[in-house]
Amino acid sequence: MTVPDGLKRRDFLMKLGLLFNGIVAAILTVPIVRYIMSPVAHARAGRYDSWLSLGKLEQFPAGQTRLAVYRNPVASPWDGDTADIPCWVRNVNGQQFQVFAINCAHLGCPVRWFPQSSLFMCPCHGGVYYQDGSRASGPPERGLFQYHHRLESGELFIKAGEVPTPGSASNLTSITSELPRCV
Ligand code: FES
């Protein structure tokens, strides 16, 4: 018994379709697997434990709060400017520093520093923080998140691998507990 031509063509098209689907699935799988495995790759590379310099101490005059920017060590080359992360640096008295995440502790909007009133204010829902990062008013239930930091060789370093959020408890510090380590 011979197979009709129509059936052969149908078989051929079926196999071609399966091959095409397999190729597409393989192409889609690579970035998905890379995305899922990226935390493991970053952890293995030690990027979550990165200490980065925010600059020389002279950039942060005593008694003032200044904006600083660092490059996210967990970023990929194609992240562009989105990997440049701002933070607020407060030089308390020339010896003690605080480094605040720029994100409001409510829903993450970037807070601004107003030296005239010595307050951080959030433009989204009116959250307000005192100069030491503690909550003053508004919807945030806590103060600003702070980076671990240290002073070394005349520079200010922060532990920059994880942006401090409620989900990265290792980077949370209380408002008053952290003292800088001068080397
Ligand atoms: Fe800042 Fe809501 S995000 S008050």
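Computation of the quantities below employed the complete heavy-atom set of this structure, encompassing side-chain atoms and omitting hydrogens, waters and symmetry-equivalent molecules. Order of appearance sets the numbers: ligands from 1, and atoms from 1 within every ligand.
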Under a single-linkage rule joining Ile, Leu, Val, Met, Phe, Trp and Tyr whose side-chain heavy atoms are separated by less than 4.5 Å, which residues share a cluster with [X]?
X	value
I27	L19, I23
L28	F20, V24
L119	F114, M121, V128, Y130

**Q.** SG proximity flag C124/C104, limit 2.5 angstrom
**A.** no

Q. Can we say R150 and E152 salt-bridge, meaning some charged N sits less than 4.0 Å from an Asp/Glu carboxylate O?
A.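 Here R150 pairs with E152 in a salt bridge, since their nearest N and O are under 4.0 Å apart.
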
Q.
Does R71 have more than 12 heavy atoms from other residues, nucleotides or ligands lying within 6.0 Å of its CZ?
A.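 Counting other residues, nucleotides and ligands, CZ of R71 exceeds 12 neighbours.
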
Q. What number of protein N, O or S atoms occur at distances under 2.8 Å from atom 1 (Fe) of ligand 1?
A.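 Total protein N/O/S atoms under 2.8 Å from atom 1 (Fe) of ligand 1: 2.
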
